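None of these values were measured; they are calculated from a predicted model.
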Amino acid sequence: MTEVGQRAQIAFGCAALAGLYAPVSADEAHDVLAAAWDAGIRRFDTAPFYGLGLSERRVGDFLRSRPRADFTLSSKVGRLLEPLKGDVPDPPLGHLRNGVRYDYSHDGILRSHEKSLARLGLDRIDILYVHDIGEFAHGPEANARHMKDLTGSGLKALERLKSEGAIDGFGLGVNETEVCLELMKHAHFDEILLAGRYTLLDRSAEAALLPRAQTAGTRLVIGGVFNSGILATGPGPDAHFNYEPATPEIKEKVAAIAEIAGRYGLALPEAAINFPADHPCVSHILIGTGKRSSLMRNLKQFGRALPQELLNEIKPFTIR
C-alpha cells in the first residue's frame, strides 16, 4: 500500500463491473480485471451495493486465483443485502436478486462484513469503509438516526474487527467532507475514500479535510476525479456534474479550466486524473470502468504532475 507522502498510485473501482449504468457480462468483467492486473494494479475496491452483491462476487471470482499477499481489497459496510422474496420484479442491469436496507449498527456492520466474505469467497477484506453516511446520501433526518447508530455502536464493531486482525484498517467511503470532519472526532480512520470533492474542478476538501487528514495520518483515496463525467467529456450538452446534468455555471467553469489546461499541453481528462496525485495525503486515485479500452486510456493519461502555474491559473474557476 502506498505510504503517505509518495505520489499516489492507481486503484481499480469495481462498481461498473456489476452494471452501474449498463449491463456488463461476466466475461467483460473478467477481461477488464485482467487488464488492470496485467497493468500492475493491485488495489481493488468493491461494495455490497454495487450490483446488489454482483460486484463482490465477480471481484472474488477473479482474485481467488491470485496470491492473497499480492493485492489489497476494500469493501464497504452500511447496507445489508437480503434475498428478495415473493413475486417481485428482478433488479435491472443483471444485478443479483437482493433487497437493501441501511444498517450502521454494531451487529449490522459485523453481519455485512461476514456476508461480503461469503460473496467474495475470500477469507479476508483488508479495508472496510463506512459507505454513504452523511446528509448527501440520506438527508438530515435519516442521517441523524444513522449517525447515532454508527457513533453509538458501529464504530466499535470496526475497531473490534481491526483489533482482532480481521481487517487491516477502516474508514469512510463518502461524497462529502462535512461528515468526515464530524466523524473524525469520534474515531481514528486509517483511510477515507472521498468521491468528487478533491478534483480539478471541486476542491472543497482543501480547506479543512486535507489538513485534518494530514494531521491525523489518515490516507485519502480519491474517487470521482471526473466529477460524474464533465471532466472527461468537457462541457457539452450532455455533460453531468455531481450525478446530475451540469448547470451553465459549471459548464463555464469547466470550459475555462479546459482552455487553461490546453495551453499547458494537457487534455482536460489528463489534467483531471493527475490533479490529486501529488498531495501528500493521497495514496490512491480510484478509477473504475467496465471496459478494457477505457481503463487503458485512463492509465495512459496518468503519471504527469501538473505545473503549479496551471493550478494557480485555474484556481478562480474551481469550487472551494
Side-chain angles (χ1 to χ4, degrees), residues 1-11 13 43 45 72 74 76 127-137 143 147 150-151 155 158-159 162 168-228 231 241-242 250 253 257 260-261 271-287 302 304-320:
M1 185 179 295
T2 305
E3 296 297 328
V4 172
Q6 299 177 9
R7 192 170 204 269
Q9 298 178 7
I10 292 290
R43 176 82 187 251
D45 176 72
T72 300
S74 57
K76 303 181 180 73
I127 303 291
L128 276 181
Y129 296 122
V130 179
H131 200 187
D132 286 343
I133 191 75
E135 292 188 8
F136 182 89
N143 188 61
M147 288 286 281
L150 181 62
T151 58
L155 291 174
L158 293 167
E159 290 166 350
K162 183 178 177 180
D168 291 335
F170 62 87
L172 304 171
V174 294
N175 294 270
E176 59 182 287
T177 61
E178 293 82 359
V179 73
C180 299
L181 294 167
E182 175 60 29
L183 285 168
M184 290 173 86
K185 300 174 186 176
H186 296 270
H188 169 74
F189 295 104
D190 300 284
E191 293 188 355
I192 294 174
L193 197 172
L194 183 68
R197 299 297 173 261
Y198 184 53
T199 74
L200 196 67
L201 171 62
D202 187 333
R203 291 164 66 171
S204 53
E206 278 187 333
L209 181 56
L210 267 62
R212 178 73 179 86
Q214 195 161 8
T215 299
T218 297
R219 296 181 296 269
L220 293 179
V221 176
I222 301 299
V225 293
F226 300 122
N227 278 130
S228 301
L231 293 181
F241 168 73
N242 209 20
I250 291 295
K253 290 178 180 290
I257 292 171
I260 294 167
I273 199 171
N274 282 286
F275 166 73
D278 288 306
H279 192 280
C281 281
V282 177
S283 68
H284 289 81
I285 308 299
L286 187 72
I287 60 173
F302 184 71
R304 178 176 174 182
L306 303 191
Q308 186 60 48
E309 295 81 5
L310 184 158
L311 299 178
N312 293 340
E313 282 196 56
I314 69 170
K315 191 173 182 179
F317 304 101
T318 61
I319 298 167
R320 307 179 71 81

Next item on the list: Check whether any side-chain heavy atom of P276 lies under 4.5 Å from a side-chain heavy atom of T199, and answer yes or no.
Entry: no

Check: Can R219 and D190 be counted as an ion pair, charged N to O under 4.0 angstrom?
Finding: no

Next item on the list: Might you point out which heavy atoms bring A213 and C281 nearest each other, and give the distance in Å?
Entry: C-SG, 3.9 Å

Note to self: Taking the side chain as everything from C-beta on, heavy atoms only, tell me whether M147 gets closer than 4.5 Å to V179.
What the structure shows: yes

Cut-off 3.5 Å, no hydrogens considered: what does the side-chain donor-acceptor table look like for residues 128-136, sequence neighbours left out?
residue : atom : partner : partner atom : Å
Y129    : OH   : R43     : NH2          : 3.0
Y129    : OH   : E191    : OE1          : 2.6
H131    : ND1  : R79     : NH1          : 3.1
D132    : OD2  : R79     : NH1          : 3.1
D132    : OD2  : R79     : NH2          : 3.0

Notebook entry, point to check: Can you check whether L193 reaches V174 side chain to side chain, under 4.5 Å on heavy atoms?
Noted result: no

Check: So, do L209 and Y198 sit near enough that their side-chain heavy atoms are less than 4.5 Å apart?
Finding: no

Next item on the list: Kindly give the heavy-atom pair with the smallest separation between M184 and A216, and that separation in Å.
Entry: CE-CB, 4.1 Å

Item checked: Residues which pass ring-ring contact (aromatic ring centres under 6.0 Å, His included) with F317, listed by chain and number, not counting sequence neighbours -> none

Next item on the list: Just jot down the ring-ring contact (aromatic ring centres under 6.0 Å, His included) partners of F170, sequence neighbours excluded, or say none.
Entry: F189

Check: How long is the span from the CG atom in L200 to the CD1 atom in I273, to the nearest 0.5 Å?
Finding: 12.0 Å

Notebook entry, point to check: Nearest heavy-atom pair of D278 and A305: which atoms, and what distance?
Noted result: OD2-CB, 3.4 Å

Checklist line | Inter-residue atom distance N175.CG - S228.OG, 0.5 Å rounding | finding: 8.0 Å

Checklist line | Value rounded to 0.5 Å, distance of NE2 in H284 from CD1 in I222 | finding: 12.0 Å

Next item on the list: Would you list the pairs meeting salt bridge (Lys or Arg N to Asp or Glu O under 4.0 Å) in which at least one residue belongs to residues 197-216, sequence neighbours left out?
Entry: R197-D202, R203-E206, E206-R320

Next item on the list: Taking the side chain as every heavy atom from C-beta outward, state whether I127 and D45 have any atom pair closer than 4.5 Å.
Entry: no

Notebook entry, point to check: How many angstroms lie between CG in D168 and OG1 in T72, if you round to the nearest 0.5 Å?
Noted result: 7.5 Å

Margin query: Quick one, H186 and L155 - any side-chain contact, counting heavy atoms below 4.5 Å?
Written below: yes

Next item on the list: Over all heavy atoms of both residues, which pair between F302 and A8 is shortest? Give the atoms and the distance, please.
Entry: CZ-O, 3.4 Å

Next item on the list: Compare all side-chain heavy atoms of L231 with those of V225 and state whether any distance is below 4.5 angstrom.
Entry: no

Margin query: I'd like to check the side chain to side chain contact (heavy atoms under 4.5 Å, CB included) partners of L311; sequence neighbours left out, ordered by chain and number.
Written below: F275, L306, Q308, I314

Check: side chain to side chain contact (heavy atoms under 4.5 Å, CB included) between K253 and T318: does it pass, once the steps are laid out?
Finding: CA-CA 7 Å; K253 290 178 180 290; T318 61; over 6 Å; no

Check: With sequence neighbours excluded, what pairs up with P307 under the side chain to side chain contact (heavy atoms under 4.5 Å, CB included) test?
Finding: Y264, L266, E309, L310

Notebook entry, point to check: How far does OG1 of T218 sit from NE2 of H188, to the nearest 0.5 angstrom?
Noted result: 4.5 Å

Next item on the list: Work out which heavy atom in L181 is nearest to a heavy atom in A208; give both atom names and the distance.
Entry: CD1-CB, 3.8 Å

Margin query: Can you give me the closest heavy-atom contact between A205 and L194, atom names plus distance?
Written below: CB-CD2, 3.7 Å

Item checked: Separation of N227 CG from N242 CG (nearest 0.5 Å) -> 7.0 Å

